[in-house]
Amino acid sequence: MSARGLGADCRIAGALAGSTDFPANGCPRLGLSTRGRRKTWNHPGASSSSVAASPRHPFNHPRSRTLVQFDSVADILAGKKTGQTVHLRGWVHRHRASGGKLAFVVLRDGSGTVQCTVKGGVADPDSLAMAVRAKLEASVSSLEGTVAADERAPGGFEVKVARFTLHEPNGPTGDFPLRGEQGTEFELDMRHLWLRSTELSAILRIKHRLYKAVHDFYDREGFTQVDPSVITTNACEGGSTLFTFDYFGQTAYLSQSAQMYLEGCIFGLPKVYSITPSFRAEKSRTTKHLTEFHHLEAEYAWWNAEDSRVHQEKLVTYMAQTIARECAADLILLKQDPARLAKIGTFQPGEGGEDIDGKRFPRIDYSQAVDRLKQLGFHVNYGDDFGVPHEKALTEGKVNPLFICDWPANIKAFYMAEKPGTDRVLCSDMMGPDGFGELIGGSQRSEDVVSMERRLLAQWKAMAQSKDFDDRRQFKHEWEAIAARLGENATDEAIEQAYLKPYQWYFDLRRYGSVPHSGFGLGIERVLRWFTGQEHIRDMLPYPRTPARAYP
RNA sequence: GCCGUCUUAGCUUAGCUGGUGGAGCUUCGGACUGUUAAUCCGAUGGUCGUCGGUUCAAAUCCGACAGACGGCGCCA
């Protein structure tokens, strides 16, 4: 988050700006009916209002006297508590003291911030002394006071405090390290404390809604969520570098994709999806790469590549519409216009999409994309992969993402289905607008074992001629390792067969009851970055992992 | 892996053609019963990333190294 230039007021944790998610009366999930005859946990008739009627009402248990019912700042700011006595707890968000006889403590409780005025004569002397010396970000375990509307208070309401207690299990709270202007490096070193910022809180709340939207969508679409393992002995796809580790004496990898495991699931459950961490060991230094990211992957029996695209645009549209509707306040806090997201998935004249059922992302064939880039003055030839400048040129200023379809087989993975009579494969990359990058990579999967084995070997052996030194070294290393294992039997053909051996379980899926099928992988953090319009993908997670950072 | 930028007090930074390093915030002390990132007065705080070189003299010029950040490639 490049928050440079923002005032400290915007920077340290705080107001959640209109969230309606916070339990209105403490903890309704533990709500007990105080009136019902059946005094059971999770009584279906238990309503929070029955507890709220008495703000000091302890949980309905004779030994729970210490559990005072706490009020929420959000309710105070909504005017629901005016004139009432409230009990609050939270953190010191701002602190202003004057003369040892008056202190303003702006309290943050996760639902918002409110000014609490601690005055001599109103508060008892111990409370006043504690409030005067309270440090920024100290925790307030108990604050009791009366709510009043007051124009002098930010937000229009303040709490006139009678009792104020700090929670200091390790002695007086020290000086909070984050304040005012901060550099990127310092923010990242202090990530565990920086997580209290309003922006990160807003982003993580939006991410939560995004996950919920995904699960709602797939539930409605009849999909089953499955849990493929993140530990794998398959160095699948080849392309990306994997993190390796010792798994009880054998080399194992942190998975970079659940795809192959999902493919194995569709024969019992024809439509499956998963959300798993995926790991990439490349030293990518960009604003859209993480070494650990969250991967939404889905796989479906009987669907072809275009069926898959229709599904993908439906998913992404649902995500965008849901976030636009449910997270408007957090989007505004992040200086984003919810209307921008609301437009995603709607027909936009001039973007090249067809106006079928009013919602459709444009598609462009790979060779059309090459022609278009040539018109724009790029030096690209049929067969080339696209780089960032090409992607930007094709997506600049658009509302909807763009599908680039049916790429040449030799620059795509071996498992993609060949397009009959061409040198291409049935696949598409969904490119986010304005260079937000590849959001989805998807394809129809090949069912042809001979073709997949041929392409797998061809891509492996091509590494020997690669321009990249690491590729050549890796090929040599792998080849020699297999040869050494085979000993006297190490003919070229035997080595190649040995290389293919780990994939045999995957090819079995084609040998026994194969079906045409398709699937895709979506980078949750990439989509979230696009939705929240943030500069860097690392702020899409609480503890981002990049090549230079695994702490805190 | 390649390319670029940066590294000065706890934090954010100024420091031109080399001549004994300035500020804001924090912290500490003082004043203050209506502040809004409180304000006002005073004080503390710096082997200028590390090592080496040029020079009478280096934060400043040169080199190497380290770390961070960013761009490319790879991808989600």
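Chain identifiers are assigned alphabetically (A, B, ...) following the order of the sequence lines, protein sequences preceding nucleic acid strands; residue numbering begins at 1 within each chain. Only heavy atoms go into these numbers, but all of them, side chains included; no hydrogens, no water, no symmetry mates.
- When the C1' atom is used for both B/rU54 and B/rC61, the distance is 8 Å, rounded to whole Å.
- With sequence neighbours excluded, no residue satisfies salt bridge (Lys or Arg N to Asp or Glu O under 4.0 Å) with A/Arg472.
- Among the atoms of the strands shown, base atoms are found under 4.0 Å from some heavy atom of A/Phe104.
- When heavy atoms are screened at a 4.0 angstrom cut-off, A/Leu290 is found touching base atoms of the nucleic acid.
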Can you check side-chain hydrogen bond (donor to acceptor under 3.5 Å, both in side chains) on A/Tyr415 and A/Gln259, steps first, answer last?
CA-CA 10 Å; A/Tyr415 54 72; A/Gln259 178 206 318; 3.2 Å; yes

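- Residue-level contact check: A/Gly120 touches the bases, meaning some heavy atom is under 4.0 Å from a base atom.
- Ion pairing between a basic and an acidic side chain is recognised when a charged N comes within 4.0 Å of a carboxylate O; A/Asp124 and A/Arg163 show no such pairing.
- A/Lys412 meets the salt bridge (Lys or Arg N to Asp or Glu O under 4.0 Å) test with A/Asp429; sequence neighbours excluded.
- A/His289 comes within 4.0 angstrom of a nucleotide base, judged by non-hydrogen atoms across all strands.
- Under the ring pair (Phe, Tyr, Trp, His ring centres under 6.0 Å) criterion, A/His95 pairs with no residue, sequence neighbours left out.
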Scan nucleotides 67-72 of chain B against the protein and return all N/O pairs shorter than 3.5 Å with their distances rounded to 0.1 Å.
from, atom 1, to, atom 2, distance (Å)
B/rA68, OP1, A/Ala548, O, 3.2
B/rA68, O2', A/Glu185, OE1, 3.3
B/rC69, OP1, A/Arg549, NE, 3.2
B/rG70, OP1, A/His536, NE2, 3.1
B/rG70, OP1, A/Arg538, NH1, 3.2
B/rG70, OP1, A/Arg538, NH2, 2.9
B/rG70, OP2, A/Arg538, NH1, 3.3
B/rG70, N7, A/Arg285, NE, 3.1
B/rG71, OP2, A/Thr287, N, 3.2
B/rG71, N7, A/Arg285, O, 3.4

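- The partner of B/rU13, taking Watson-Crick or G-U wobble pairs whose two distances both stay under 3.5 Å, is B/rG22.
- Of all nucleotides listed (B/rU35, B/rA37, B/rC75), B/rC75 comes nearest to the side chain of A/Asp385.
- Atom P of nucleotide B/rU35 and atom CZ of A/Phe157 are separated by 20 Å, given to the nearest angstrom.
- Under the 4.0 Å criterion applied to side-chain N and carboxylate O atoms, A/Glu168 and A/Arg133 are assigned as salt-bridge partners.
- Distance A/Leu242 CG to B/rA76 P: 12 Å, rounded to the nearest Å.
- Residue A/Arg96 places no side-chain atom within donor-acceptor reach of the base of B/rA37, judged by atom type and a 3.5 Å distance cut-off alone.
- The CD-P distance, from A/Glu151 to B/rU35, rounds to 14 Å in whole Å.
- Under the Watson-Crick and G-U wobble criteria, each requiring two contacts below 3.5 Å, nucleotide B/rA64 is paired to B/rU50.
- For A/Lys314, the NZ atom counts as loosely surrounded, since its 6.0 Å shell holds 12 or fewer non-hydrogen atoms of other residues, nucleotides or ligands.
- Residues A/Leu102 and A/Gly521 both approach RNA chain B. Their nearest nucleotides, taken by heavy-atom distance, put A/Leu102 toward the 5′ side.
- More than 12 heavy atoms of other residues, nucleotides or ligands shown are found within 6.0 angstrom of NZ on A/Lys374.
- In this structure, A/Lys160 atom NZ and B/rU35 atom P are separated by 13 Å, rounded to whole Å.
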Find every protein N or O atom lying less than 3.5 Å from an N or O atom of nucleotides 26-31 of chain B, and list the pairs.
from, atom 1, to, atom 2, distance (Å)
B/rC28, OP1, A/Lys135, NZ, 3.4

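- One interatomic measurement links the two molecules: CE of A/Met463 to P of B/rG1, which rounds to 16 Å at whole-angstrom precision.
- Between A/Gly100 and A/Asp429, the residue anchored closer to the 5' end of RNA chain B is A/Gly100, taking for each the nucleotide with the nearest heavy atom.
- Ion pair A/Glu137/A/Lys135 not flagged as a salt bridge, since none of the NZ, NE, NH1 or NH2 atoms sits closer than 4.0 Å to an Asp/Glu carboxylate oxygen.
- Using a 4.0 Å heavy-atom criterion, one finds that A/Gln115 contacts the bases of the nucleic acid, with or without backbone contacts as well.
- Look at B/rA57: it lacks any Watson-Crick or wobble partner with both distances under 3.5 angstrom.
- Nucleotide B/rG10 holds its P atom 20 Å from the CG atom of A/Leu136, rounded to whole Å.
- When only modelled atom types and interatomic distance are considered, A/Tyr261 and A/Ser274 share no side-chain donor-acceptor pair under 3.5 Å.
- Interatomic distance, CD of A/Glu185 versus CG of A/Asp189, reported as 5.5 Å (0.5 Å rounding).
- If you check B/rC40 for Watson-Crick or wobble pairing at under 3.5 angstrom, you find it paired to B/rG30.
- A donor-acceptor contact under 3.5 Å is formed by the side chain of A/Glu158 with the base of B/rG34.
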Applying side-chain hydrogen bond (donor to acceptor under 3.5 Å, both in side chains), run through A/Glu263 and A/Tyr506 and close with a yes or a no.
CA-CA 8 Å; A/Glu263 285 188 60; A/Tyr506 183 67; 2.6 Å; yes

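- Using P as the reference atom, B/rG52 and B/rG10 are 24 Å apart when rounded to the nearest Å.
- One can place CD1 of A/Ile275 at 13 Å from C1' of B/rA76, the figure rounded to the nearest angstrom.
- For B/rC2, the paired base is B/rG71 (Watson-Crick or G-U wobble, both distances below 3.5 Å).
- Here the P atom of nucleotide B/rA76 and the CZ atom of A/Arg529 are 16 Å apart, to the nearest Å.
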Which protein N or O atoms sit under 3.5 Å from an N or O of nucleotides 48-50 of chain B?
none

Show the numbers, then the answer: is there a side-chain contact (heavy atoms from CB on, under 4.5 Å) between A/Met452 and A/Tyr503?
CA-CA 10 Å; A/Met452 282 193 280; A/Tyr503 296 91; over 6 Å; no

